[in-house]
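Working notes, structure below.
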Amino acid sequence: GVANFSADNNVYFMEVCNEKAAKYGLAVLFHEKPFAGINGSGKHANWSIGTDTGINFFYPGKSDEAKTIYTAALACLSHGIYQNNELLRCAVAHAGNDHRLGAQEAPPAIISLYPGTGFEAHVDAVIAGGPLDKFTAEKKKQSTGCKASMDVESNVEDRNRTAPFPFCGNRYEFRAVGSSQNCSFPVMICNTIMASGMSYLAGQIEGGKNARDAVAEMYKTNRNVIFTGNGYSSEWPAEAAKRGLPNLNTTPKAIKTWSSDKNKQVFKDLGILTPEETEARSEIMYEAYNTTLSIEVKTMIDMVETGILPACAQDLAIYKDCPSLIGDRPAAYDSIKRENDKLKAILASVPHDMVEEAEFLCETVKPQMAVVRELVDTAEGLLKKGLYPYPTYEAMLYHHHH
């Protein structure tokens, strides 16, 4: 109920933003990365699981019982993320988010769990035979770096901003959700993977294994999903591959895993989706991706043909009486026309199969769009002031100086 209410409020907030912006002749850009080279936008789904009696599984607490519950809950979460890694990645897979994930301002497309370095040491102690209740969740003091001020209180564990799933004191934060997304789907998948982990632990205990050993075994099996290092480092993808963590760095790669037999079984066992419903969701994902990319490429072609090329022609005309000043403009402008025509030809050959279309748009069309875009960016710096038909980066970033 709380999750539904929160997701509804988030969607309502987006709707209000659009309505209010329209009244002032503005538009709210919920796109994850509307401008290249400028930080994008995302959502952080702050998520926790608890009982109707007030026990929060993701709050370490002070008592031995609370610490034991937290340790067991994290075993379930680590199981859920490691065994159902592709599901969690699919929860945030869409066209806009492909521009953002791994862009040094958002987590990578590799989904790992960050419970903190202190808890990581506790996990290793449990695997080695230690008790479940020995994790000490004490808030620390953090230096401000200023001699004139006292240290300030910080969280129990550092909040790793390079991690897709970090600990935040009394909850976990799914940091990979896109700014244009409805949060209900990612939260539903978080609940699903957690339920799968809890179901597995319950089965082990009901089968006769004592709780400590069952939790320790889960940690040992899923230890590789716990990563407390730098998710932005160039070494992490290679290390993740060794750990068995997939790097599904595009939406088509992610969607292809959605309807796997393993995923269908998880949804079926937990009574969430039938196999047919799982496959239907896959088709919806592909349709959304293909539609978005098709609109984007057709819009780009239209913008170039009706706005950029005419502006280039006007600019060239300025130099007809003084060709020595024209510089590289003819070659630069001709290349825009040539590469835009190439983009049109590529688009005309898009396959009709849903899966093949997504892969073609991603692997063939998008790279050519990037080529055209780079050439147009060059033209933006060459065109006479006032000729560029769309808002320039300078105008958008420094409009208060104009």
Side-chain angles (χ1 to χ4, degrees), residues 7-8 10-11 14-15 18 27-34 40-43 45 84-101 109 111 174 176-190 192-193 246 248-268 272-303 343-370:
D8 286 348
N10 187 258
V11 173
M14 295 170 71
E15 186 177 333
N18 281 325
V28 179
L29 300 181
F30 288 115
H31 193 290
E32 285 71 20
K33 190 82 169 176
S41 179
K43 291 176 180 174
N84 306 290
N85 199 272
E86 296 89 350
L87 271 185
L88 201 54
R89 172 66 182 93
C90 286
V92 293
H94 56 96
N97 228 12
D98 277 3
H99 295 284
R100 171 177 167 262
L101 293 182
I111 306 298
F174 193 13
V177 181
S179 51
S180 65
Q181 274 194 273
N182 185 323
C183 293
S184 59
F185 182 51
V187 171
M188 183 273 275
I189 298 300
C190 287
T192 298
I193 63 158
L248 305 172
N249 58 357
T250 68
T251 292
K253 287 180 183 177
I255 302 175
K256 207 163 189 176
T257 69
W258 172 261
S259 294
S260 67
D261 291 341
K262 181 180 74 171
N263 291 348
K264 287 179 184 175
Q265 196 63 47
V266 169
F267 285 126
K268 183 180 178 182
I272 297 171
L273 296 173
T274 65
E276 292 77 17
E277 288 171 329
T278 304
E279 289 177 359
R281 170 70 71 169
S282 177
E283 292 188 16
I284 291 170
M285 289 177 177
Y286 274 121
E287 182 179 6
Y289 181 83
N290 293 345
T291 300
T292 300
L293 262 293
S294 296
I295 290 172
E296 287 181 355
V297 65
K298 289 174 183 176
T299 300
M300 171 178 266
I301 290 169
D302 186 58
M303 290 174 70
L343 180 60
K344 287 166 65 176
I346 291 173
L347 183 61
S349 62
V350 169
H352 295 296
D353 175 79
M354 180 175 61
V355 178
E356 291 178 1
E357 179 182 356
E359 292 172 348
F360 185 83
L361 288 168
C362 181
E363 298 167 11
T364 305
V365 174
K366 275 185 70 176
Q368 182 60 21
M369 291 174 71

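For the numbers below, each heavy atom of this structure counts, side chains included, while hydrogens, waters and symmetry mates do not. Here the structure is a predicted model, which means the values were calculated and not measured.
The closest donor-acceptor contact from the side chain of Asn84 to the backbone of Leu87 lies at 3.5 Å or more, if one exists at all. Proximity of a side-chain donor or acceptor of Glu32 to a complementary backbone N or O of Ser180 within less than 3.5 Å is detected. Remark: side-chain polar atoms of Asn249 are not paired, donor with acceptor, to backbone N or O of Ala109 under 3.5 angstrom. Panel note: side chain Thr364, backbone Leu361; no donor-acceptor pair is recorded below 3.5 Å. Without hydrogens or angle criteria, Thr257 side chain to Ala254 main chain gives a donor-acceptor distance under 3.5 Å. Judged by distance alone, the side chain of Asn182 and the main-chain N or O of Ala7 form no donor-acceptor pair under 3.5 Å.
Distance check: Cys90 SG to Lys256 NZ gives 12.5 Å after rounding to the nearest 0.5 Å. The distance from atom CD of Glu279 to atom CG of Asn263, rounded to the nearest 0.5 Å, is 12.0 Å. The CG atom of Leu273 lies 12.0 Å from the NZ atom of Lys264; values are rounded to the nearest 0.5 Å. Distance check, rounded to the nearest 0.5 Å: CG of Asn290 to CD of Glu359 gives 10.0 Å. With values rounded to the nearest 0.5 angstrom, His94 atom NE2 is found 10.5 Å from His99 atom NE2. To the nearest 0.5 angstrom, Asp302 atom CG is 10.0 Å from Lys344 atom NZ.
Phe360 is listed as a side-chain neighbour of Ile346, based on a closest heavy-atom distance under 4.5 Å. Looking at heavy atoms from C-beta onward, Leu343 lies out of side-chain contact with Leu347 at the 4.5 angstrom threshold.
Scanning all heavy atoms of the two residues, the minimum distance from Phe30 to Ser179 falls at O-OG, 2.6 Å. Here the shortest heavy-atom pairing between Arg89 and Leu248 reads NE-O, 2.7 Å. When all heavy atoms of Ile272 and Glu277 are compared, the pair lying nearest together is O-OE1, 4.2 Å. The two residues Ser282 and Ile255 come nearest to each other via the heavy atoms OG-CG2, 3.8 Å. For the residue pair Lys43 and Gln181, the shortest heavy atom distance occurs at NZ-O, 2.5 Å. Here the shortest heavy-atom pairing between Pro367 and Cys362 reads CD-O, 3.5 Å.
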Yes or no on side-chain contact (heavy atoms from CB on, under 4.5 Å) for Lys366 and Asp98, after CA distance, side-chain angles and deciding distance? CA-CA 11 Å; Lys366 275 185 70 176; Asp98 277 3; 4.0 Å; yes
The test is ring-ring contact (aromatic ring centres under 6.0 Å, His included); show your working for Trp258 and Phe267 and say whether it passes. CA-CA 11 Å; Trp258 172 261; Phe267 285 126; 5.3 Å; yes
If you apply the rule side-chain contact (heavy atoms from CB on, under 4.5 Å), what do you find for Val92 with Phe174, and how did you get there? CA-CA 10 Å; Val92 293; Phe174 193 13; 3.7 Å; yes
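Atom NZ of Lys262 sits in a crowded spot, with more than 12 heavy atoms from other residues, nucleotides or ligands closer than 6.0 Å. The 12-atom threshold is not exceeded at CD of Glu287, counting heavy atoms of other residues, nucleotides or ligands nearer than 6.0 Å.
In this structure, Arg281 is positioned above the aromatic face of Phe185, its NZ or CZ under 6.0 Å from the six-membered ring centre and within 45° of the axis.
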